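Each remark here refers to the structure printed beneath this line.
Nothing fancy with the numbering, it's 1 onward along the sequence. None of the values given here were measured: they were computed from a predicted structure. Note that these values count all heavy atoms, side chains included, but never hydrogens, waters or copies made by symmetry. All ligand and atom numbering here is 1-based and tracks the order in the structure.
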Amino acid sequence: MLHLLPRVRRRKVQYIAVLRCPHCRVRVSEQMPSEGSVLHTKCFCCGKFLHAHADACCVYCSMANVPCPKRQRKQGRRG
Ligand SMILES: [Zn+2]
Ligand SMILES: [Zn+2]
């Protein structure tokens, strides 16, 4: 008998995040690493460092439009 696996809706992991600099409000699209956490990045426009919030795992989870790939994978596994 053919056993059919339930179709899992796989969410595509996004690696490009759009960060908004809180200092000069410029939007920066950055490539996120697939592993590891980025705790700070430098704004290309004003040169100031953007730091991750204390309760977030990384700078992208703090202020980007998408969470980091690590978090996206964790969310995708749920449900
Ligand atoms: Zn800036
Ligand atoms: Zn993160």
Of the backbone and side-chain N, O or S atoms of Cys45, does one lie nearer to the Zn ion (ligand 1) than 2.8 Å?
no
Is the distance from the Zn ion (ligand 1) to some N, O or S atom of His23 under 2.8 Å?
no
Looking only at heavy atoms, the pair that brings Gln72 and Val13 closest together is OE1-CA, 3.4 Å
Assess whether a salt bridge exists between Glu35 and Arg73, defined as any Lys/Arg side-chain N lying under 4.0 Å from an Asp/Glu carboxylate O.
yes
If we ignore hydrogens and angles and just use 3.5 Å, is the side chain of Ser62 paired with the main-chain N or O of His53 as donor and acceptor?
yes
Metal site angle (apex the Zn ion (ligand 1)), SG from Cys21 and SG from Cys43, 10 degrees
110°
Out of curiosity, does Val28 fall in the hydrophobic cluster containing Met32 (side-chain heavy atoms, cut-off under 4.5 Å, transitive links)?
no
